[in-house]
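In what follows, every chain begins at residue 1, and chains take the letters A, B, ... in the order their sequences are listed.
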2 protein chains.
Amino acid sequence: MNVINDVGILALSTRLQRLSEQLRKDGALIYEAFGIDFEPKWFPVIFTLHQKGTLSVVEIANEIGYTHPSTISLLKEVEKIGLIKSKKDKSDERKRLILLSPRGQELVNKMQPVWQLIAQVLGEISDNTNNLLKAIDEAEDKIAQQSFLQRALQQKNTTAL
Amino acid sequence: MNVINDVGILALSTRLQRLSEQLRKDGALIYEAFGIDFEPKWFPVIFTLHQKGTLSVVEIANEIGYTHPSTISLLKEVEKIGLIKSKKDKSDERKRLILLSPRGQELVNKMQPVWQLIAQVLGEISDNTNNLLKAIDEAEDKIAQQSFLQRALQQKNTTAL
DNA sequence: CAAAACTACGTAGTTAACTACATATATCCA
DNA sequence: TGGATATATGTAGTTAACTACGTAGTTTTG
């Protein structure tokens, strides 16, 4: 992976993706090592429900930053293994309200110390001269002010490329 | 995206992935805005060939940090639109040697100023109190010393969870 | 020097996200 | 108050990575 590390900023997206995938893969192995039947990709959904209680499909999607179809398929998985349950919202028949099942709650409790350990180790990995998590926050803030595309188009015009 | 931003480090992988995707999407739009028929995902392959000249499939895969099947499918795409060509290695009949076609070379030349602009804008976005690219480098260094999994297992044993 | 092991490439199938579209219900306003 | 618009959910198909496996050529070694 020489070239891609060397071009630096140009391959930023590739680098981000690679690191993300690596962490997720090891994450799966960590749950396994603790004898917990849980996949890292379920974390956003389960943790959000743990924090917020009962939410609709779209509310969950917004919380976790995924599209609603992706969220639906995640919900299907975790519903299939019994971590959540769902019911129609009686005041709005379009909505399906999702919440943790007792088994889901139980699993969350069991995972708490593991999450704590994971958080500690991830903290260790990402806290360096430049803190990775803070760097993400800061970059996302910048993009929120003006997107990557907008910035590029502005440059294009000012430099008359 | 409240909850996932709030849990901080626990959702690191998700955050990395989200940012990566966002950059890639805007990247595609930038090439389009410059009238260049090029997809961000081709960048690692094309740039590597630009830098290194002629390489085999597996060599490219190693350079860009992808598996060789993924690399093959990328190569198929860029070969289809004529940016690269390939030939059998005569000293090792198993190998297929890949290099930029004249048209690929030409496109690279045309893209140089755009890459420069992209690099500048990405630099702007990622250079904050915590520099994102450096933070990635530092985190990957740490992982190279001892993986996320190994660190977690070590913790597990010392804390007798 | 032939069998075993290894390397390079390729294909098939999987996965986890996406976009586009469809349908049902709710809300708004002329 | 009913027709237009908006919202919530769901389905189908796409994409871009992956793993697993197979084949062909190369190298090593008993």
Can you tell whether the side chains of R15(B) and D137(A) come within less than 4.0 Å, N to carboxylate O? yes
Closest-nucleotide mapping onto DNA chain D: is I72(A) or R24(B) further toward the 5' terminus? I mean the 5' end. I72(A)
Take atom CG of D92(B) and atom P of dG25(D), then tell me their distance rounded to the nearest Å. 11 Å
Does a side-chain N-to-carboxylate-O contact under 4.0 Å join K52(B) and E63(B)? yes
Going by side chain to side chain contact (heavy atoms under 4.5 Å, CB included), name the residues that satisfy it together with Q116(B), two or more places apart in sequence or in a different chain. none
With heavy atoms under 4.0 Å as the rule, sort K25(B) into base, sugar-phosphate or nothing. sugar-phosphate
For the helix from dC1(C)-dG30(D) to dA30(C)-dT1(D), what is the angle between the axes at its two ends, each from 5 pairs, rounded to 10°? 0°
In whole Å, what is the span from the CG atom of L97(A) to the C1' atom of dT9(D)? 12 Å
So, using side chain to side chain donor-acceptor pair (under 3.5 Å) as the criterion, who are the partners of S91(B) when residues are at least two apart? D89(B)
List in chain and number order the residues that pass ring pair (Phe, Tyr, Trp, His ring centres under 6.0 Å) with H68(A), two or more places apart in sequence or in another chain; answer none if no residue qualifies. none
Show which side-chain atoms of residues 69-76 of chain A pair as donor or acceptor with protein atoms under 3.5 Å away, not counting sequence neighbours.
unit_1, atom_1, unit_2, atom_2, d
S70(A), OG, T67(A), OG1, 2.8
T71(A), OG1, T67(A), O, 2.8
S73(A), OG, S70(A), O, 3.3

Taking atom types as they are modelled, is there a donor-acceptor pair under 3.5 Å from the base of dT26(D) to the side chain of R94(B)? no
Sequence neighbours excluded, the answer for salt bridge (charged side-chain N to carboxylate O under 4.0 Å, His left out) partners of D92(B) is R94(B)
Using heavy atoms to find the nearest nucleotide of DNA chain C for S91(A) and T71(A) separately, return the residue whose nucleotide is more 5′. T71(A)
Under the salt bridge (charged side-chain N to carboxylate O under 4.0 Å, His left out) test, residues paired with K41(B) that sit two or more places apart: E39(B), E77(B)
Reading DNA chain C from 5' to 3', where do the contacts with chain B start and stop? Cut-off is 4.0 Å to heavy atoms. dT7(C) to dT19(C)
So side-chain hydrogen bond (donor to acceptor under 3.5 Å, both in side chains) across residues 21-38 of chain B, not counting sequence neighbours, yields Y31(B)-W115(B)
Could you state the NZ-C1' distance from K88(A) to dG10(D), rounded to the nearest angstrom? 10 Å
Once salt bridge (charged side-chain N to carboxylate O under 4.0 Å, His left out) is applied, do any residues pair with E106(B), and if so which ones, sequence neighbours excluded? none
Have a look at S73(A) and say if it touches a base, only the backbone sugar-phosphate, or nothing, with a 4.0 Å heavy-atom cut-off. nothing
Kindly state each residue pair satisfying ring-ring contact (aromatic ring centres under 6.0 Å, His included) with at least one member in residues 69-99 of chain A, sequence neighbours excluded. none
On DNA chain D, compare the nucleotides closest to T67(B) and V58(A); which residue's is nearer the 5' end? V58(A)
Near DNA chain C, which residues from residues 74-86 of chain A have a heavy atom under 4.0 Å away? L74(A)
